[in-house]
Amino acid sequence: MSALQILGLSRDDGSAAAARAARRLVRPQAPPRELDPLVLGPAVALILLGLVMVYSASIAVAEGSRFTGNQSTYFLLRHAVFLSIGLGAGYLAFLLPMRAWQRIAPWLFLLGVVLLVLVLIPGIGRAVNGAQRWISLGPVNLQPSELMKIFVALYAADYTVRKLPDMGSFRRGFLPMAGIIVLVGMLLLQQPDFGAMVVICAIAFGVLFLGGMNVKVFGLLIGVASIGLSLLMWLSPYRRDRLLNFMDPWQDPFDKGYQLSHALIAFGRGEWFGVGLGGSVEKLFYLPEAHTDFLLAVIAEELGFIGVAVVVVLFAILVQRAFAIGREAINLERYFSGLVAMGVGMWLGVQSFINMGVNMGLLPTKGLTLPLMSFGGSAIVSACLALGILLRVDWENRQMKRGVGS
């Protein structure tokens, strides 16, 4: 008796079964995804949650202000418009090859420097609350420091690739870039925008370090930067007051510690699961800038510890994937693309960390928004641009691994 008979199969049945097994073995695998879902998913979730929370945090302010026409949806509609512009800009950024981004990186950086100069010129720059950070463009305001964050990531990556053989040299590799960043920092301090200066310096020198800067030089840089930042904070009366009051906001809760004390009250009221969406009390004219710098405090009050934890995890995934995409690009010998991806990761990581630290009372109060979530036209557009470039790096990595492109 044959093996086929023992199994209860005829020869025809056995041939058909063998053919089906062979087809299963040679069946083509599903094509790999074109885009990383661990970039798209968290980014979309943060954007949508931000849209909901901006509306929730701003509704009382919008209804109670003549500037907004007492329209409760004023900030929601503007935020939606900025998001639409940002997503369109991000899509166009995705369509542009990284070779093209590398060619225009120095020109974009030069454009950013020119905008930082223009914003300081009376009649061109617009001052709000004592800070001259905006250029009025009719119904909207442009904040050059937000665009400079992506411009400096591109320029630092291009500079590092061009100077790769000299990155171990203090004079030829580090010093020229340091001089340029000091110039940018001085322009930002004139606005003043100390928070943006910290983020931009972190992006620039972080990219240089990842690109091969000498470890001893980097250590010296960290020491000098720490001393410089400490002096800037101590020699400026309002920065010194912020530093001292952040350590104990309850010492002056009705004046210098007002923002932080109300942010901490919002966190305390939220407990584990929050008071419910729309139920915040602190957003009712108690917590200043609730829909911009202190959006996380409203999230904490309405969605509780769980809501804040979700936001932290989403940012952590996004930053981790940016660095993973960057490492993959470098492994494929696409050094500019890899450094840009890591620069975007540093930007999102550093700025979100500072914003969260300010909201929780871990850092002195600074005027930095929560990326992808807070209200602000220039911030949303620049963040969407950065995401478009990051997705482009990932897409080109996948194409190269398939043997398509170079």
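Shortest non-hydrogen contact noted between Gly338 and Ile330 is CA-CG1, 4.0 Å. Closest approach of Trp347 to Ser382, counting heavy atoms only: CH2-O, 3.4 Å. Contact record, Leu116 with Leu187: CB-CD1, 4.0 Å, taken as the closest heavy-atom pair. Nearest heavy atoms, Phe375 versus Thr292: O-CG2, 3.5 Å. Taking all atoms of both residues into account, the shortest heavy-atom contact from Leu115 to Ile135 is O-CD1, 4.0 Å. Here the shortest heavy-atom pairing between Ala341 and Val393 reads CB-CG1, 4.2 Å.
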- Audit row: Met197, Val184, side chain to side chain contact (heavy atoms under 4.5 Å, CB included) steps and yes/no: CA-CA 8 Å; Met197 187 202 73; Val184 172; over 6 Å; no

- Item | Check against side chain to side chain contact (heavy atoms under 4.5 Å, CB included), Leu96 and Ile104 | CA-CA 11 Å; Leu96 195 63; Ile104 65 175; 4.2 Å; yes

- Carefully, step by step, assess Leu368 and Val358 under the rule side chain to side chain contact (heavy atoms under 4.5 Å, CB included). CA-CA 9 Å; Leu368 282 175; Val358 167; over 6 Å; no

- Message: Could you go through Leu35 and Arg398, starting from their C-alpha distance and side-chain angles, then the distance that decides it, and tell me whether this counts as side chain to side chain contact (heavy atoms under 4.5 Å, CB included)?
- Response: CA-CA 8 Å; Leu35 299 174; Arg398 294 167 188 260; 5.8 Å; no

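With a 4.5 Å cut-off on side-chain heavy atoms, Val298 and Phe294 do not count as touching. Two residues are said to be in side-chain contact when any heavy atoms from C-beta on lie closer than 4.5 Å; Met53 and Leu303 meet this criterion. In this structure the side chain of Tyr55 never reaches within 4.5 angstrom of the side chain of His291, judged on heavy atoms. Residues Asp394 and Val39 fail the side-chain proximity criterion, which asks for heavy atoms closer than 4.5 Å. Contact of the Ile380 side chain with the Cys384 side chain is registered, since non-hydrogen atoms from C-beta on lie closer than 4.5 Å. Two residues are said to be in side-chain contact when any heavy atoms from C-beta on lie closer than 4.5 Å; Met346 and Val319 fail this criterion.
For the atom pair Leu208 CG and Thr160 OG1, the distance stands at 4.5 Å (nearest 0.5 Å). Considering CG of Asn359 and CG of Leu260, their distance stands at 9.0 Å, rounded to 0.5 Å. Here the CG atom belonging to Leu390 is positioned 8.5 Å from the CG atom belonging to Asp36, to the nearest 0.5 angstrom. Atom CG of residue Leu370 and atom CG of residue Leu296 lie 6.0 Å apart, to the nearest 0.5 angstrom. Rounded to the nearest 0.5 Å, atoms OH (Tyr91) and CZ (Arg392) are 10.5 Å apart. One finds the CG atom of Leu154 at 11.0 Å from the CG atom of Leu339 (value rounded to the nearest 0.5 Å).
The salt bridge (Lys or Arg N to Asp or Glu O under 4.0 Å) test applied to Glu302 returns Lys283, not counting sequence neighbours. Applying the side-chain hydrogen bond (donor to acceptor under 3.5 Å, both in side chains) test to Arg172 and every residue at least two apart in sequence or in another chain returns Asp166. Arg162 meets the side-chain hydrogen bond (donor to acceptor under 3.5 Å, both in side chains) test with Asp158; sequence neighbours excluded. Residues meeting the ring pair (Phe, Tyr, Trp, His ring centres under 6.0 Å) test with Phe109, sequence neighbours left out: Tyr155. Applying the salt bridge (Lys or Arg N to Asp or Glu O under 4.0 Å) test to Glu289 and every residue at least two apart in sequence or in another chain returns nothing. Gln132 is linked by a side-chain hydrogen bond (donor to acceptor under 3.5 Å, both in side chains) to nothing, counting only residues two or more places apart in sequence or in another chain. Legend: residues meeting side-chain hydrogen bond (donor to acceptor under 3.5 Å, both in side chains) with Asp293, ordered by chain and number and at least two apart, are absent.
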Please tabulate, one pair per line, all N/O donor-acceptor pairs under 3.5 Å involving side-chain atoms of residues 71-90, not counting sequence neighbours.
unit_1: Arg78; atom_1: NH2; unit_2: Pro139; atom_2: O; d: 3.4
unit_1: Ser84; atom_1: OG; unit_2: Ala80; atom_2: O; d: 2.9

Report, one line per pair, each donor and acceptor closer than 3.5 Å where one atom sits in a side chain of residues 142-152; sequence neighbours left out.
unit_1: Gln143; atom_1: OE1; unit_2: Trp134; atom_2: NE1; d: 3.4
unit_1: Gln143; atom_1: NE2; unit_2: Ser145; atom_2: OG; d: 3.4
unit_1: Ser145; atom_1: OG; unit_2: Asp193; atom_2: OD2; d: 3.3
unit_1: Glu146; atom_1: OE1; unit_2: Lys149; atom_2: NZ; d: 3.2
unit_1: Glu146; atom_1: OE2; unit_2: Lys149; atom_2: NZ; d: 3.3
unit_1: Lys149; atom_1: NZ; unit_2: Gln351; atom_2: OE1; d: 2.7

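The salt bridge (Lys or Arg N to Asp or Glu O under 4.0 Å) pairs that include a residue from residues 265-274 are Arg269-Glu301, where partners are two or more places apart or lie in different chains. Applying the ring-ring contact (aromatic ring centres under 6.0 Å, His included) test to pairs two or more places apart or on separate chains, none has a residue in residues 319-346. Residues in residues 258-285 take part in these ring-ring contact (aromatic ring centres under 6.0 Å, His included) pairs, two or more places apart or across chains: Tyr258-His262, His262-Tyr286, Trp272-Phe305.
Looking at Arg334 and Glu328, no side-chain N of the basic residue comes within less than 4.0 Å of a carboxylate O on the acidic one, giving no salt bridge.
At distances below 3.5 Å, at least one donor-acceptor pair connects side-chain atoms of Glu396 with backbone N or O atoms of Met98.
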